[in-house]
J.: 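Submitted below is the structure of interest, expressed as structure tokens.
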Amino acid sequence: MDASHQHSIALLLLSLGILLAAAKVLGELARRLRQPAVLGELMAGVLLGPTVLGVLAPGVNGFLFPQEGPAALALNVIANVAVTLFLMVAGLEVDLSNIWRRGWTGLKIGVAGICLPFVAGYFAAREFPQLFSLPDGVNPTLFALFLAIAMSISALPVIVKTLRDLNLYRTDFGMVVVSAAIFNDLVGWIIFAVILGMIDNTADLGGGITRTVGMALGFVLFVFTLGRKLIHKLLPYVQAYTWWPGGEIGFVIILSLLGAAFTEWIGIHAIFGAFFIGMAVGDSLHLRHRTRYILDQFVSSVFSPLFFASIGLGVDFVAHFDGPLVLLVLSLACLCKLLGGTLGAKWGGMDNRESLAVGFAMNSRGAMEIILGLLALGRGIITQELFVALVITAILTSMMGGPVIQLILRPQRKARLEDAFRAGLFLPHLQADSIKGVIEELAAVAGRVLKGRLEPHAVSRVNCAPEDVACAAIVNDVLLLAAGVEGLSQPYVVTGISTSGVGLSFMDEQRAHVVFLILSPTDAPALRGDMVAELSLLYRDQIMIDETLQARNYTEFLALIRTSSTPLLQE
């Protein structure tokens with residue numbers, strides 16, 4: 001291996017490491033601010049790309065992220081593989097049976113949610129192309145078709161995440177919205193695949209387009225009929241005769257790459273093959289939850305951040321920011337999608353409040369619109385100014401969905417156990433050795449830490465009286481206490497560790513070494529019950545207790561809780 005080759009590999013690895021680190025840090029920061037992680041990941045690329053680093057230190061930017069050469073080519077290939085796997089995971093999230101289960105309501109919302117924005121986007125781009133920065137030499141019809149799709153697409157992963165965060169995913173409202181989004185995205189991606197085929201075959205507007213479209217439709221038909229059945233039959237053999245879950249994970253990725261290779265070969269982007277294969281695999285009842293979880297975590301933790309961060313490396317968001325264009329695209333996107341989703345819901349028989357909430361749910365564009373824009377930018381159909389406008393629209397529509405839906409429907413958010421812990425509410429050395437003494441000690445700490453969030457003496461009144469505290473459960477050596485406290489707006493968990501143990505009764509020699517005091521609003525007994533049940537399940541194993549007793553500080557304790565309460569380990 002010569003020196004120049006070694007230098008290129010070292011530079012590529014350095015670039016990937018820096019890019020992924022920035023994307024992960026800013027993605028986690030976005031999550032802490034209750035925003036989509038994609039927002040932070042995009043910002044990482046903006047900071048490291050020509051927008052910021054290219055201005056402050058152009059030499060460093062050119063060295064780490066060159067626009068030409070082997071390192072640039074390799075980074076581009078990795079970004080394409082990343083987006084292909086991202087769409088595969090998005091396909092796994094699609095539940096095709098929802099379309100049939102929810103009947104006509106979801107179908108009507110889906111039809112209205114794609115038709116009205118499609119017509120509005122096509123008409124606006126066709127009649128006023130210069131307002132949308134039509135590039136020179138681009139076919140106006142293809143440009144108008146692209147904008148029509150960009151206006152009508154939804155982001156299924158964002159919609160699902162929003163509904164889950166609001167505790168609406170498994171409600172009738174949630175199932176209707178998801179089924180509509182599935183139909184919306186399925187039709188939208190197929191139409192866009194056809195448009196890409198038209199773009200790539202402009203020199204042969206007869207046989208080329210016909211052949212590409214025919215093969216694309218044939219591929220989709222095969223995947224959702226014979227291919228889907230074959231996958232369903234093969235999965236048990238893969239699970240039974242290969243190392244699990246590695247064999248099943250490899251099987252899914254291999255199929256996705258083969259599907260992606262086929263659609264790329266016939267003239268349509270690889271992401272479509274991966275997306276449709278993902279849907280077919282995800283529809284099988286044999287696909288294990290653990291496999292879905294591992295694939296989702298692996299792609300979301302590595303490939304997805306790399307892809308979205310890489311977007312900012314090739315575009316100067318300041319130099320190509322066009323305020324009027326951003327306002328025009330955002331207004332058109334929101335207006336036509338809100339109107340389409342709302343009217344579709346009304347057509348399906350939903351009331352005014354739910355119909356408006358459906359409109360805002362369907363308005364989320366997220367990563368899907370960014371990917372559409374990136375593909376169009378690479379084909380030369382749109383300018384960088386329009387691409388920047390589409391990215392900003394995707395981010396803002398994704399950010400507004402959850403808060404507005406909550407304002408309209410006011411659903412009860414599902415409290416997460418890990419969010420109820422606080423650094424000041426962790427006592428690594430409990431002094432009391434009786435239940436009454438432990439309650440007083442834990443309540444005193446809660447009163448100091450939560451000062452200002454509840455009445456000054458509310459926690460101090462917690463005692464062993466049945467109306468105040470329930471000695472909810474004793475699991476192995478763990479004591480679970482739950483109390484309703486006036487003035488609280490969210491639950492908190494006070495945790496105490498006792499080396500010598502806390503006596504549970506005068507008649508029993510058993511002693512508790514881990515104590516949880518769950519404090520929640522007085523009108524939320526079900527919430528306290530859910531947290532007691534979750535902690536009981538978490539501490540059913542003696543190993544968990546032993547590891548908790550070894551936690552030297554709050555950070556080690558929280559790390560243990562978060563890594564032990566994942567869906568992967570609870571399966």
Side-chain angles (χ1 to χ4, degrees), residues 83-103 106-107 110 155-157 159-161 163-164 169-170 174-190 193 216-263 270-300 303-304 368 566-571:
V83 70
T84 298
L85 293 178
F86 176 78
L87 263 294
M88 178 268 291
V89 170
L92 290 176
E93 287 285 331
V94 174
D95 185 358
L96 293 173
S97 59
N98 268 332
I99 296 178
W100 305 111
R101 271 205 307 267
R102 303 314 304 170
L107 183 62
L156 181 64
I159 292 173
V160 170
K161 185 179 186 306
L163 292 173
R164 282 177 173 167
Y169 183 67
R170 299 194 179 279
M175 289 296 99
V176 167
V177 171
V178 170
S179 64
I182 290 171
F183 175 83
N184 195 140
D185 279 9
L186 186 60
V187 173
W189 281 107
I190 291 175
L217 294 178
F219 171 76
V220 173
L221 184 63
F222 170 79
V223 167
F224 291 130
T225 54
L226 182 60
R228 180 167 157 266
K229 292 180 180 179
L230 285 173
I231 290 169
H232 187 69
K233 289 184 177 295
L234 285 173
L235 273 174
Y237 287 93
V238 173
Q239 294 161 350
Y241 300 112
T242 65
W243 176 66
W244 191 84
E248 188 174 13
I249 293 170
F251 176 73
V252 175
I253 293 178
I254 289 168
L255 285 183
S256 302
L257 293 177
L258 291 176
F262 179 79
T263 54
I271 62 173
F272 297 105
F275 183 67
F276 293 134
I277 291 291
M279 282 197 290
V281 174
D283 192 53
S284 175
L285 296 177
H286 293 312
L287 185 67
R288 303 300 181 194
H289 173 72
R290 186 176 183 183
T291 302
R292 294 177 188 267
Y293 180 81
I294 293 174
L295 284 168
D296 176 64
Q297 288 298 304
F298 179 60
V299 172
S300 299
F303 287 103
S304 177
M368 299 306 186
T566 61
L568 173 61
L569 297 179
Q570 287 185 2
E571 185 183 356

J.: Can you measure from OG1 (T263) to CZ (F275) and round to the nearest 0.5 angstrom?
T.: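 CZ of F275 is found 12.5 Å from OG1 of T263.
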
J.: About how many Å separate CZ of F222 and CG of L230, when rounded to the nearest 0.5 Å?
T.: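 Here the interatomic distance stands at 6.0 Å.
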
J.: I need the L255 CG to I231 CD1 distance, nearest 0.5 Å.
T.: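 Rounded to the nearest 0.5 Å, the CG-CD1 separation comes to 5.5 Å.
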
J.: Using the ring of each side chain (for Trp, its six-membered ring), is H232 parallel, tilted or perpendicular to H286, with breaks at 30° and 60°?
T.: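 Parallel.
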
J.: Per the side chain to side chain contact (heavy atoms under 4.5 Å, CB included) rule, which among I254, L258, V252, I253 passes with S256?
T.: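 Checked I254, L258, V252, I253 against S256; only one passes side chain to side chain contact (heavy atoms under 4.5 Å, CB included): V252.
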
J.: Do you know which two heavy atoms are closest between A260 and T84, and how far apart they sit?
T.: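 In terms of heavy atoms, the two residues are closest at CB-CG2, 3.6 Å.
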
J.: Hey, does R290 have a side-chain heavy atom less than 4.5 Å from the side chain of Y293?
T.: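 A side-chain contact is absent here, since even the closest heavy-atom pair is not under 4.5 Å.
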
J.: How long is the gap from CD1 on I271 to CZ on F86, to the nearest 0.5 Å?
T.: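 Separation between the atoms: 10.0 Å.
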
J.: Search all heavy atoms of P245 against all heavy atoms of I294 and return the closest pair with its distance.
T.: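 Residues P245 and I294, closest heavy atoms: CG-CD1, 3.8 Å.
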
J.: To the nearest 0.5 angstrom, please state how far the CZ atom of F251 sits from the CG atom of L234.
T.: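 The CZ atom of F251 sits 5.0 Å away from the CG atom of L234.
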
J.: Can you name the closest pair of heavy atoms from T242 and E248 and give their distance?
T.: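 Between these two residues, the closest heavy atoms are OG1-N, 4.3 Å.
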
J.: What closest approach, in Å, do V220 and F276 show between heavy atoms, and which atom pair accounts for it?
T.: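 Result for this residue pair: CG2-CE1, 3.7 Å.
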
J.: Are any non-hydrogen side-chain atoms of L295 and T291 less than 4.5 angstrom apart?
T.: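 L295 reaches T291 side chain to side chain.
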
J.: Search all heavy atoms of A181 against all heavy atoms of I159 and return the closest pair with its distance.
T.: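 That would be CB-CD1, 3.8 Å.
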
J.: Does some side-chain heavy atom of L235 sit less than 4.5 Å from a side-chain heavy atom of R288?
T.: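 A side-chain contact under 4.5 Å is absent here.
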
J.: For the CG atom of L217 and the CG atom of L221, what is their distance to the nearest 0.5 Å?
T.: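 Rounded to the nearest 0.5 Å, the CG-CG separation comes to 8.5 Å.
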
